[in-house]
Amino acid sequence: VPISAADVAKLIESMGVDRVIAVDLHCGQIQGFFSQRVPVDNLEGSVVALPYFHSKNLSNITVVSPDAGGVGRASKFRDGLQAMGDTVSLAMIIKQRKEAGSVDSMDLVGSVDGSDVIIVDDMIDTAGTLCKAASELKARGAKRVFAVASHGLFSGP
């Protein structure tokens with residue numbers, strides 16, 4: 001987490017803010033940059049998509065995290081679908097970046113063969129990772145690939 005996040009937290013506090021409500025902070029540690037006087041609520045945005053995916057009557061569902069940092073988010077999404085009665089497994093993509101915004105290689109931990117896959121992420125910027133992940137998952141036998149994210153930046157390739 002960049003130190004600039006701490007500076008922004010201090011700036012927000014100096015303006016008199018007494019509570020912060022965020023949706024899917026990219027790094028949960030950001031909450032710790034605020035003093036105890038300013039409670040931070042980090043809401044999970046992907047939960048609003050649970051009823052939608054449950055209603056799709058998907059089969060052999062696998063929820064996939066597109067990176068190691070998102071496994072907790074993907075796991076909670078899986079748990080939400082399981083609570084609705086779906087049978088769901090979890091997988092993760094390990095990606096190696098050449099540089100920011102450019103993925104060099106991807107490895108899959110888990111199986112998606114014959115699955116309807118839901119990629120759960122917090123943010124889509126250029127969609128390069130998402131597109132490459134979907135291609136990799138299809139190559140590994142996924143029947144269909146869906147995605148859900150809270151923040152769509154869509155800044156272009």
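Heavy-atom basis, side chains included; hydrogens, waters and symmetry copies ignored. Source: prediction; values computed, not measured.
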Point to revise | Stepwise side-chain contact (heavy atoms from CB on, under 4.5 Å) test for H151 and I124 | key: CA-CA 6 Å; H151 307 291; I124 300 172; over 6 Å; no
State plainly whether one hydrophobic cluster holds both [X] and [Y], where clusters connect Ile, Leu, Val, Met, Phe, Trp and Tyr through side-chain heavy atoms under 4.5 angstrom apart.
{"X": "V17", "Y": "V40", "value": "yes"}
{"X": "V120", "Y": "V88", "value": "yes"}
{"X": "I118", "Y": "V145", "value": "no"}
{"X": "L58", "Y": "L81", "value": "yes"}
{"X": "I119", "Y": "I61", "value": "no"}

**Study point:** Those residues that, when tested against F34, pass ring-ring contact (aromatic ring centres under 6.0 Å, His included) (two or more places apart)
**Key:**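 Not a single residue meets the ring-ring contact (aromatic ring centres under 6.0 Å, His included) criterion with F34.
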Close side-chain approach of [X] to [Y], heavy-atom, < 4.5 Å:
{"X": "V117", "Y": "K138", "value": "no"}
{"X": "Q82", "Y": "T87", "value": "no"}
{"X": "R78", "Y": "S75", "value": "yes"}
{"X": "D116", "Y": "K56", "value": "no"}
{"X": "D41", "Y": "V20", "value": "no"}
{"X": "R37", "Y": "D18", "value": "no"}
{"X": "V148", "Y": "F77", "value": "yes"}

Gap between atom [atom2] of [Y] and atom [atom1] of [X] - 0.5 Å precision:
{"X": "M84", "Y": "S55", "atom1": "CE", "atom2": "OG", "value": "8.5 Å"}
{"X": "T129", "Y": "M123", "atom1": "OG1", "atom2": "CE", "value": "9.5 Å"}
{"X": "R140", "Y": "L137", "atom1": "CZ", "atom2": "CG", "value": "8.5 Å"}

Review point. Mind checking what makes side chain to side chain contact (heavy atoms under 4.5 Å, CB included) contact with V47, not counting sequence neighbours?
Key: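 So V47 forms a side chain to side chain contact (heavy atoms under 4.5 Å, CB included) with E44, L50.
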Practice item. Determine whether the side chains of S89 and T62 contain a donor N or O and an acceptor N or O closer than 3.5 Å. Key: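 Yes - a donor-acceptor pair under 3.5 Å links their side chains.
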I need the minimum non-hydrogen distance between [X] and [Y], along with the two atoms involved.
{"X": "K143", "Y": "G114", "result": "CE-O, 3.3 Å"}
{"X": "P51", "Y": "V48", "result": "CD-O, 3.6 Å"}
{"X": "A147", "Y": "F53", "result": "O-CZ, 4.2 Å"}
{"X": "I94", "Y": "M92", "result": "CG1-CE, 3.7 Å"}
{"X": "D113", "Y": "S111", "result": "N-OG, 3.5 Å"}
{"X": "D86", "Y": "H54", "result": "OD2-ND1, 2.9 Å"}

Point to revise | side-chain hydrogen bond (donor to acceptor under 3.5 Å, both in side chains) assessment of S150 paired with D122 | key: CA-CA 5 Å; S150 302; D122 62 340; over 6 Å; no
Exercise for review: Starting from the C-alpha separation in whole Å, work towards a yes-or-no answer on side-chain contact (heavy atoms from CB on, under 4.5 Å) for V64 and I93.
Suggested key: CA-CA 7 Å; V64 174; I93 291 176; 4.0 Å; yes
Check your understanding: Is there a side-chain hydrogen bond (donor to acceptor under 3.5 Å, both in side chains) between E13 and S35 once you walk through the steps?
Key -> CA-CA 8 Å; E13 281 192 55; S35 71; 2.8 Å; yes
